[in-house]
Amino acid sequence: MADKIKTTISHLNNCVDHEVTLSGWLYNSRSSGKLVFLILRDGTGLCQCIVEKEKMPEDVFDAVKHLGQESSLRVTGLCRAEPRSPGGHEIAVTSVDIVCPTNDYPITPKEHGVDFLMKNRHLHFRSQRQWAIGKVRHTVIDAIRRFFNDNDFTLIDTPIFTTIAGEGEQTLFEVDYFGRPLHLAQTGQLYLESAAMAFGKVYCFGPTFRAEKSKTRRHLTEFWMVEPEVAYTDLPGLLELGENFVSFIVQKVLEDNRAELEMLGADIAHLENIKAPFYRLTYTEVADILTSDRTVKFMADQLAAFNARKTEIEKQLADIDAQTKAGGMKKWKQEKNARLTIELRSELSELETKIENNPKHAQLAADFKWGKDLGGSDETIISLMHDKPVFITHYPKKAKAFYMKTDRSNDKVVENFDLIAPAGFGEMIGGSVREDDYDYLVERVKEEGYEPESYDWYLDLRKYGSVPHGGFGLGVERTVAWITGEKHIRQCIPFPRMMDKVYI
RNA sequence: UCCUCGAUAGCUCAAUUGGUAGAGCGAGCGGCUGUUAACCGCUAGGUCGUAGGUUCGAGUCCUACUCGAGGAGCCA
């Protein structure tokens, strides 16, 4: 017999037929007389551990049998392949070291409400779903850094306390900086432009703060954004960079986290299809689509599909109700039905919201006038019509930020783009070519009602060796939500900060 | 800010439509040699969000407030 190996569950495939020690927490346990099945969690996976009464001192066996969920413990035993165990291996336990026995752990293996879980966020992390999302988030962030580092970009850290606005002043968090008002960064872009003139290709990656009064499943007030900025590029160059970047992230997650994606019920076939090139539409083309018969039909088809599903669910619920009333049902069947009922009801209420919103969204699309910014529902319609992300370019100048470059062939639009994620999650990337002409830029600053003096250093960049350049920002949490299929962005960041809610 | 829905055991939900508050999970005790959100039996656990009102009688009806969820606007 070899020496005991101290290892983790993720490395058990190298330890079959060896004596190993695992350190972790009790995820769940079952007992049956002379056997206890411990499901151990160690942060790398789950593993079933078998404790047999005959092979244990009686007091140890009793202690193990009564161990509560999330007790911390070390187990030692023989590792063997076992297809019935969650990770494919199990440990035939020879000794158990209870580190901290636990009672009354609040999060049970059953369903919980959102509010309860968020208030227990510090413990909620331990559950499988949150763990899987955390692993995917890690890969997304790793892929982001890898992509830029491997493509000759230099990381530039931009400040979090900022002196000038990038996106819009009404969404800035103001802080008292020793008596002087500064703002939390809502973008690193302006600083990054100066760095691009020094390094050529740069990116920044950090937290971003926006005081938007947005209470939706797509918004956080503190979120993570990565922003590349490239000197000597143009709009086609930026689109190519964007699609290669997003494809790389998705493929990396597919490579590293397939098991997590499966656990989360993500749409893997859809993700495998995410490869450059993506679709390209101009804002004007999108406006035409939104007001076309195609959209009318698309919305009507959607409504019909929603209603059909609604009827189906209602029938299922009525069936369950009738069965229950008829009586004589086995207990396990009753419980299964109760679970199903809760699921069906929640799907039903979601459907009802969609059915209620559909005509409004159809109307908004039909009434769309050239010049308006695209609304969330408009983006959703466009994204649902496509099986891959869609670039929308050349928005009206009036709807966009002052630093975006005016299209010299049509001065009503700017050379910008948004990338809309498929499946209705909305905008994932926003970017543009930057205005590089001094006079144009001063004019735009004035039009926005800002003082050119407060943009002195930014305007300098157009005086000293100005070049065509541009970049974009990608929201990490929206990307994670899209890839994992998670419905709410608050599950995609460890400790979410929302407009009206900061839990712990 | 506006609209809709909700608040009952530690958690997730019921309560025959105004008539003595229930179930599962979790907790405690017991049973079972292979379980998969295991199963079976027993036990404990409640000022029905708060304050008023209607009524012989309110978890259920009305008013106000508090808190939560979903949606709208704006955005990555």
Side-chain angles (χ1 to χ4, degrees), chain A residues 27-39 46 48 50-54 65-66 68-70 82-86 90 92 102-120 127-128 167-168 170-171 186-187 208-227 324-325 331-332 334-339 341-343 345-346 349-350 352-354 356-357 360-361 364 373-377 379 399 401 418-421 425-431 472-482 487-489 499-501:
Chain A
Y27 186 69
N28 201 358
S29 75
R30 294 178 280 278
S31 71
S32 92
K34 291 168 184 161
L35 275 178
V36 180
F37 298 88
L38 301 175
I39 306 296
L46 295 178
Q48 173 167 286
I50 311 300
V51 186
E52 290 180 70
K53 188 168 186 172
E54 293 164 0
K65 197 170 172 176
H66 291 107
Q69 203 190 336
E70 290 302 325
E82 171 53 74
R84 287 173 292 183
S85 171
E90 74 174 15
T102 296
N103 276 313
D104 296 322
Y105 183 71
I107 301 179
T108 68
K110 283 267 180 156
E111 295 280 333
H112 295 282
V114 179
D115 189 47
F116 176 77
L117 289 176
M118 280 298 164
K119 280 177 177 152
N120 288 284
S127 62
Q128 284 294 285
E167 296 285 327
Q170 68 281 8
T171 65
Q186 55 181 191
T187 171
T208 298
F209 307 89
R210 301 217 178 154
E212 284 159 13
K213 300 247 190 301
S214 301
K215 196 193 137 209
T216 79
R217 61 174 67 173
R218 300 191 299 279
H219 284 90
L220 296 165
T221 53
E222 177 182 313
F223 64 97
W224 283 66
M225 183 159 72
V226 57
E227 297 174 90
T324 309
K325 286 210 170 103
K331 202 167 183 179
W332 67 268
Q334 279 182 27
E335 280 165 34
K336 197 177 159 203
N337 278 344
R339 280 207 295 277
T341 303
I342 292 172
E343 268 173 43
R345 279 188 191 160
S346 112
S349 99
E350 244 177 72
E352 278 166 353
T353 307
K354 284 183 184 165
E356 197 189 320
N357 284 335
K360 291 184 209 160
H361 292 169
L364 277 173
D373 205 352
L374 291 172
S377 64
E379 288 178 348
D418 282 352
L419 180 67
I420 311 298
F425 210 87
E427 190 179 338
M428 206 161 45
I429 284 182
F472 58 82
L474 172 128
V476 168
E477 290 75 18
R478 284 191 182 176
T479 305
V480 173
W482 164 55
K487 287 203 187 76
H488 205 300
I489 199 166
M499 173 201 140
D500 58 347
K501 208 90 199 142

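From a predicted model like this one, the values you see are computed outputs, not experimental measurements.
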Side chain of [X], heavy atoms from C-beta onward: which of [options] has the nearest atom to it?
{"X": "A:S31", "options": "B:U33, B:A76, B:C32", "answer": "B:C32"}
{"X": "A:T108", "options": "B:G26, B:C75, B:G34", "answer": "B:G26"}
{"X": "A:H488", "options": "B:G70, B:U36, B:G26", "answer": "B:G70"}
{"X": "A:R218", "options": "B:G10, B:C75, B:G70", "answer": "B:C75"}
{"X": "A:N28", "options": "B:A38, B:A76, B:U36", "answer": "B:A38"}
{"X": "A:E379", "options": "B:U33, B:C75, B:U12", "answer": "B:C75"}
{"X": "A:R210", "options": "B:U36, B:G73, B:C75", "answer": "B:C75"}
{"X": "A:N357", "options": "B:G26, B:C75, B:G71", "answer": "B:G71"}

Rounded to whole angstrom, note down the [atom1] distance from [N] over to [M].
{"N": "B:A23", "M": "B:G41", "atom1": "P", "result": "12 Å"}
{"N": "B:U8", "M": "B:G46", "atom1": "P", "result": "15 Å"}
{"N": "B:A7", "M": "B:A44", "atom1": "P", "result": "28 Å"}
{"N": "B:A51", "M": "B:C75", "atom1": "C1'", "result": "40 Å"}
{"N": "B:G73", "M": "B:G10", "atom1": "C1'", "result": "39 Å"}
{"N": "B:U50", "M": "B:U43", "atom1": "P", "result": "29 Å"}
{"N": "B:C13", "M": "B:G6", "atom1": "P", "result": "13 Å"}
{"N": "B:A14", "M": "B:G22", "atom1": "C1'", "result": "7 Å"}

Rounded distance (Å) that lies between atom [atom2] of [N] and atom [atom1] of [X]:
{"X": "A:K354", "N": "B:A72", "atom1": "NZ", "atom2": "P", "result": "12 Å"}
{"X": "A:D104", "N": "B:A27", "atom1": "CG", "atom2": "C1'", "result": "6 Å"}
{"X": "A:H66", "N": "B:G31", "atom1": "NE2", "atom2": "C1'", "result": "12 Å"}
{"X": "A:F37", "N": "B:U35", "atom1": "CZ", "atom2": "P", "result": "7 Å"}
{"X": "A:E222", "N": "B:A76", "atom1": "CD", "atom2": "P", "result": "17 Å"}
{"X": "A:L117", "N": "B:A69", "atom1": "CG", "atom2": "C1'", "result": "13 Å"}
{"X": "A:E352", "N": "B:U4", "atom1": "CD", "atom2": "P", "result": "15 Å"}
{"X": "A:F472", "N": "B:A76", "atom1": "CZ", "atom2": "P", "result": "14 Å"}

| said: Looking only at the side chains, is there a donor atom on one of A:Q186 and A:T171 sitting less than 3.5 Å from an acceptor on the other? | reply: yes

Applying a 3.5 Å limit to both distances, which nucleotide forms a Watson-Crick or G-U wobble pair with [N]?
{"N": "B:U43", "result": "B:A27"}
{"N": "B:A51", "result": "B:U63"}
{"N": "B:U4", "result": "B:A69"}
{"N": "B:G18", "result": "none"}

Side-chain touch [X]/[Y], heavy atoms, less than 4.5 angstrom:
{"X": "A:P86", "Y": "A:Y27", "result": "no"}
{"X": "A:M499", "Y": "A:H219", "result": "no"}
{"X": "A:M428", "Y": "A:I420", "result": "no"}
{"X": "A:I107", "Y": "A:N120", "result": "yes"}

| query | From A:K65 NZ over to A:L38 CG, what is the distance, rounded to the nearest 0.5 angstrom? | reply | 12.5 Å

| query | Out of curiosity, A:K53 NZ to A:S32 OG, how far, rounded to the nearest 0.5 Å? | reply | 11.5 Å

| query | Hey, is the side chain of A:R30 poking within less than 4.0 Å of OP1 or OP2 on B:A38, counting only N and O atoms? | reply | yes

| field | side-chain N/O A:N103 vs B:G28 OP1/OP2, d < 4.0 Å | value | yes

Does [X] get its side chain close enough to the base of [N], under 3.5 Å, for a donor-acceptor pair?
{"X": "A:H112", "N": "B:C11", "value": "no"}
{"X": "A:E90", "N": "B:G34", "value": "yes"}
{"X": "A:E356", "N": "B:U4", "value": "no"}

| query | Of A:S29 and A:M428, whose closest RNA chain B nucleotide lies nearer the 5' terminus? | reply | A:S29

| query | So which one's nearest nucleotide on RNA chain B is more toward 5', A:S32 or A:Q69? | reply | A:Q69

| request: State, to 0.1 Å, how close A:T108 and A:Q69 come at their nearest heavy-atom pair, and which atoms those are. | output: CA-OE1, 4.0 Å

